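Proteins get letters first, then strands, A, B, ... in listed order; numbering begins at 1 in each. Keep in mind that this is a model prediction, so the values were computed, not measured.
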Amino acid sequence: MRLSRYFLPIIKETPSEAQIVSHRLMLRAGMIRQASAGIYSWLPLGCKVLRKIEAIVHDEQQAAGAIPVLMPTIQSADLWRQSGRYDDYGPEMLRINDRHDREMLYGPTNEEQITEIAAAGIRSYRDLPKTLYHIQWKFRDEVRPRFGVMRGREFLMKDAYSFDIDKAGATASYNRMFVSYLRTFERMGLKAIPMKADSGPIGGDMTHEFLILAETGESAVFLDRTIADLSFGDREIDWDDAAALQGIVDQWTNGYARTDETHDETTFHAEVPEDRRVTARGIEVGHIFYFGSKYSEPLNAKVMNPDGETVALESGSYGIGVSRLAGAIIEASHDDNGIIWPEAVAPFEVAVINLKQGDAEADAACEDLYSKLTARGFDVLYDDRDERAGSKFATCDLIGVPWKLVVGPRGLKNGVVELASRRTGEKEELAPDDAMNRLADRFGRA
RNA sequence: CGGAGUGUGGCGCAGCCUGGUAGCGCACCUGCUUCGGGAGCAGGGGGUCGCAGGUUCGAAUCCUGCCACUCCGACCA
């Protein structure tokens, strides 16, 4: 993308309403624009990041065997009456009447809908297990939206729902999602820690929240350092090997890790030696539940088991706050100059910065880099604006492009361009072809 | 939902108390000089002062009502 043709409305000054760094930076970098309280438009840069996050979630969900669907945002009140949640949910649910005065609602979640779908399409234990998911906008009419997309009323969420014949099957499905989440967040460059959670309004007993550590997190967290030091790495997964999955889950859940909701100081001290106790703050980016037949019973989602008996489906639900992640990643990765995107979710992987637009040699060198990198599959931002160098650097750092290729007449005289890392600040002078090869190695591209 | 505030050009703000030609910085446009980490000078464009009533010769300013948004707290993917 040539910056001169892009739409990137950055702002120099800090918007007064933004209290936390991710909100400030998202506004300044032209990623989002507030439409009304807790509701945002995603501008090109923000939209790009959101799509990259979504792509990773889709990829990992499907790797773990979940099947993509897409359910509507507007739902009928009837289903919610059957589950008993129409009244329970309270004013947080946005209720709408259509022209026939039928009661509708903008979905805050989709358990009822998916259970209805499962009830209609799954008849036998032979059809199980199944995990379906979608990534769809949700609306929860928060009393006090704040922190930009971290706590909006409208938000994009991945929600998956598993269906099994019995508790053992449901546990296996739960564990698949658990492991899938470890992989998903790690791919995004995040350290997400599973923590024992309260089940909240959805109910259930087997439940974990995934939190990333950040100073501005909304929850206080208490954990054993050994959990924070775990990393998933490249290990091979057999998604059908229930025992192996259970082993991984055990590895991540054996140590103490809780939020302030479930934290117990006495247990913490008893289980964790003092030098391993970590007290920090975290942002919830995922939440998984097992809830058994809570919805399948009232919604009559029942199947026949091998013994010819009709039994209610065993279910769980599994959420990832996709739009929240965009903010959470920034909370976890930024500096005074702006955002520092992990490569996997960066809106652009590399920026070509032309220090002297209009200089024939510089222009030619930049055009060459831009077309070659693009041809090699890179997402490139070419800053071809007629701006001063300082302004280009500032923009590039603000929007967090992980790598810069700096091209100017001075370097070209010596046959070099500068390759600079946004994260470390390290700079290296290389011949243009060498710089491209360096990037190709880094990103695993030819 | 309790408490506290704010609405004036795209953004950040002053002006309001004490009514009398709507202003500043950034951004934007034009020109010149600059140009390797958010340039300088000169000129220029853009605002029904949140909305509706009221008081007044005259309202951004005073009064009444409404709307929107923000912050603190309780609550939440």
*asked:* Strictly below 4.0 Å, N to O, side chains only: are A:Asp229 and A:Arg225 in salt-bridge contact?
replied: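 Answer for the salt bridge query: no.
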*Charged N to carboxylate O below 4.0 Å: is that the case for A:Arg183 and A:Glu186?*
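Salt bridge between A:Arg183 and A:Glu186, a charged N being under 4.0 Å from a carboxylate O: no.
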*asked:* Check the phosphate of B:C71 against A:Arg144, side-chain N and O only, distance under 4.0 Å to OP1 or OP2. Yes or no?
replied: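 Indeed, a polar side-chain atom of A:Arg144 lies that close.
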Identify whether any heavy atom of [X] sits under 4.0 Å from a base atom; if not, whether one sits that close to sugar-phosphate; answer base, sugar-phosphate or nothing.
X	result
A:Ser36	sugar-phosphate
A:Glu209	nothing
A:Gln19	sugar-phosphate
A:Arg28	base
A:Gly152	base

*side chain to side chain donor-acceptor pair (under 3.5 Å) between A:Tyr295 and A:Arg85, worked out*: CA-CA 10 Å; A:Tyr295 300 99; A:Arg85 285 209 292 179; 3.2 Å; yes
*When rounded to the nearest Å, what value does the distance between C1' atoms of B:U55 and B:G65 take?*
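15 Å, rounded to whole Å.
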*asked:* Regarding A:Ser162 and A:Tyr174, do their side chains bring together a donor and an acceptor under 3.5 Å, going by distance alone?
replied: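 Side chains of A:Ser162 and A:Tyr174: no pair found under 3.5 Å.
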_Quick check, does A:Phe155 stack with B:A77? I mean ring centres under 5.5 Å and planes off by under 30°._
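Yes; centroid distance and tilt both under limits.
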